[in-house]
Amino acid sequence: MIPDDHILARVDRVLDLSWLRDEVSDLYCSDNGRPGIDPEVAVRLMLAGFLLGIVHDRRLMREAQVNLAIRWFCGFGLHEPLPDHSSLTRIRQRWGAGRFRLIFERTVQACIAAKIATGEVVHLDASLIRAHVSWDALAVRHVEAVCEANEGTSRDNRKKGRTKKVCVTDPDASMATNGRNRRLEPAYKQHTAVDDVAGVIVDVEVTTGEENEGMAVAGRLDAVAATTGQAMATATMDAGYAYAKVFRALEDREIEGVVPAKAEPPPGKVIPTRRFKFDARHNIARCPRGKILYPRGKLQRGAFQHFHANAKDCAACPLKTRCVSPSRYGRVVVFNVNHPSLLRARRKRLRWGEREERLYQRHRWRVEGVHGEAKTWHGLARAVRRGLDNMRIQTFLTAAAINLKRLATALIALIYVVLNIHTHRKQLHSFGIA
């Protein structure tokens with residue numbers, strides 16, 4: 001009674017969870033307590049919800065009562081009682097995010113075995129996910145007042161911040177915004193890596209919304225290689241990743257980076273740092289007038305080095321009013337220790353050819369298309385539950401559902417090709433051609 005082209009029927013042909021029972025066996029008692037839900041049945045229920053865009057447990061179980069396809073997909077007869085929605089919550093809490101990531105990684109490996117993902121060319125991007133909280137749950141933390149109330153708090157700590165908006169009901173969510181929506185919202189940030197061949201998600205991770213994309217790149221590159229078992233050859237990212245540490249991470253792993261440079265800011269009254277030339281070989285910097293700036297002091301947090309100009313050179317310079325702050329005697333510029341990697345990436349960007357342009361165009365519709373698909377069809381536009389672990393589980397199941405769709409489509413295409421070949425051979429035999 002279920003059509004062959006139904007999404008659950010298509011996914012059922014490629015879904016293999018026979019390994020799951022042994023994986024979670026240590027979390028269950030074999031001779032005590034009430035009978036538990038079969039692990040495969042529980043995961044099939046969750047996946048059915050994400051495949052159909054029903055991400056809330058209560059709504060999913062109400063739909064499963066009358067939906068023949070969900071009952072068949074999960075192995076329930078027409079008259080068999082279904083589990084309570086709270087059972088799925090307890091299963092997520094008992095298993096933890098790590099085992100759901102393992103389910104996702106199994107779908108990646110199945111896609112690699114089916115030759116629809118290779119892990120050689122990967123597109124990386126991040127997207128914000130609105131937290132499951134209301135505006136009334138936001139409170140303002142008065143940092144200065146708290147610091148003054150505590151004796152022994154240093155003056156430097158009091159100056160770090162006056163106020164900060166925090167979420168009372170979901171402390172893991174942080175205030176963030178993107179380029180399109182300037183309003184700060186409590187959100188999480190999803191970091192996604194998509195394979196170039198068929199849009200398979202080869203890695204996904206969730207952090208707080210305020211974490212910068214560049215902070216997560218190195219870990220995601222290593223995670224992709226570990227999951228796919230293949231050495232990545234090329235990684236594409238948008239201009240939001242054009243940081244020195246990102247290019248250094250790519251060079252250390254011998255990965256070609258296709259990353260456009262950040263947009264140049266409009267010219268201002270002060271001479272910007274980019275006008276100063278950094279000499280990595282001699283660890284010095286040169287100002288626009290050719291004077292040398294020498295490093296001074298220890299490396300700061302984040303491996304930044306300060307370069308100071310000679311006060312006498314700045315005093316006689318005609319650009320002093322545009323270059324040196326009135327409160328200082330000489331110009332000070334700051335460079336990251338990975339700045340040489342950034343310079344090499346900028347020079348490479350100037351030599352981009354047709355291949356690099358094509359790869360970056362594919363990046364935009366590959367990974368951003370996956371984000372749109374996940375948010376529009378699979379409920380990832382907003383968090384369903386609160387807490388970082390729950391958000392990670394939601395993301396892993398969404399990515400697994402998308403990969404299973406890709407795998408099912410590849411299987412249908414393969415069957416179509418085989419049938420065409422068989423039909424073609426029958427036609428040749430009818431003409432007496434072997």
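The basis for the numbers below is simple: all heavy atoms, side chains too, and nothing from hydrogens, waters or symmetry mates. If you're wondering where the values come from, they're calculated on a predicted model, not measured in any experiment.
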Between [X] and [Y], does any side-chain N to carboxylate O distance fall below 4.0 Å?
X    : Y    : value
R21  : E40  : no
R406 : E373 : yes
D12  : R44  : yes
R99  : D26  : yes
E256 : R355 : yes
K189 : E213 : yes
R101 : E105 : yes
R386 : D172 : no

* Asked: According to the interplanar angle, ranging from 0 to 90°, do the rings of F335 and H339 count as parallel (below 30°), tilted (30 to 60°) or perpendicular (above 60°)?
  -> tilted

* To do: Just say parallel, tilted or perpendicular for the rings of F396 and F104, cut-offs at 30° and 60°.
  => parallel

Between [X] and [Y], is any pair of side-chain heavy atoms under 4.5 Å apart?
X    : Y    : answer
D125 : R364 : no
P288 : F276 : yes
M237 : V217 : yes
D57  : T89  : yes
T234 : L359 : yes
H123 : R366 : yes
I129 : L380 : yes
L293 : I284 : no

Assess the side chains of [X] and [Y]: does a donor N or O sit below 3.5 Å from an acceptor N or O?
X    : Y    : result
Q190 : S127 : no
R385 : N390 : no
D170 : Y188 : yes
D279 : H282 : yes
R10  : T409 : yes

* To do: Output, in order, the C-alpha distance, side-chain angles, deciding distance and verdict of side chain to side chain contact (heavy atoms under 4.5 Å, CB included) for H308 and R296.
  => CA-CA 7 Å; H308 292 250; R296 189 182 302 175; 3.6 Å; yes

Using distance only, find each side-chain donor-acceptor pair of residues 220-228 under 3.5 Å and give its atom names and separation, not counting sequence neighbours.
residue: R220; atom: NE; partner: D203; partner atom: OD2; Å: 2.5
residue: D222; atom: OD1; partner: R253; partner atom: NE; Å: 2.8
residue: D222; atom: OD2; partner: R253; partner atom: NH2; Å: 3.1
residue: T227; atom: OG1; partner: A223; partner atom: O; Å: 2.9
residue: T228; atom: OG1; partner: V224; partner atom: O; Å: 2.8
residue: T228; atom: OG1; partner: Q230; partner atom: N; Å: 3.3

* Go through the steps for F50 and H378 under the test ring pair (Phe, Tyr, Trp, His ring centres under 6.0 Å), then give the verdict. => CA-CA 5 Å; F50 282 93; H378 303 289; 8.1 Å; no

* Nearest 0.5 Å please: distance from the CZ atom of R106 over to the SG atom of C111. => 13.5 Å

* Asked: How about Y294 and F307: are their ring centroids closer than 6.0 Å?
  -> no

* Asked: Under the side-chain contact (heavy atoms from CB on, under 4.5 Å) test, which residues partner A315, sequence neighbours left out?
  -> none

* **Row check, Y28 ring normal vs R94 NZ/CZ: under 6.0 Å, within 45°** => yes

* Does the pair R351 and E356 meet the rule for a salt bridge (Lys or Arg N to Asp or Glu O under 4.0 Å), with working shown? -> CA-CA 9 Å; R351 301 192 302 268; E356 288 79 10; over 6 Å; no

* Structure fact -> Tightest non-hydrogen contact, residues L60 and I70, listed as CD1-CD1, 4.4 Å

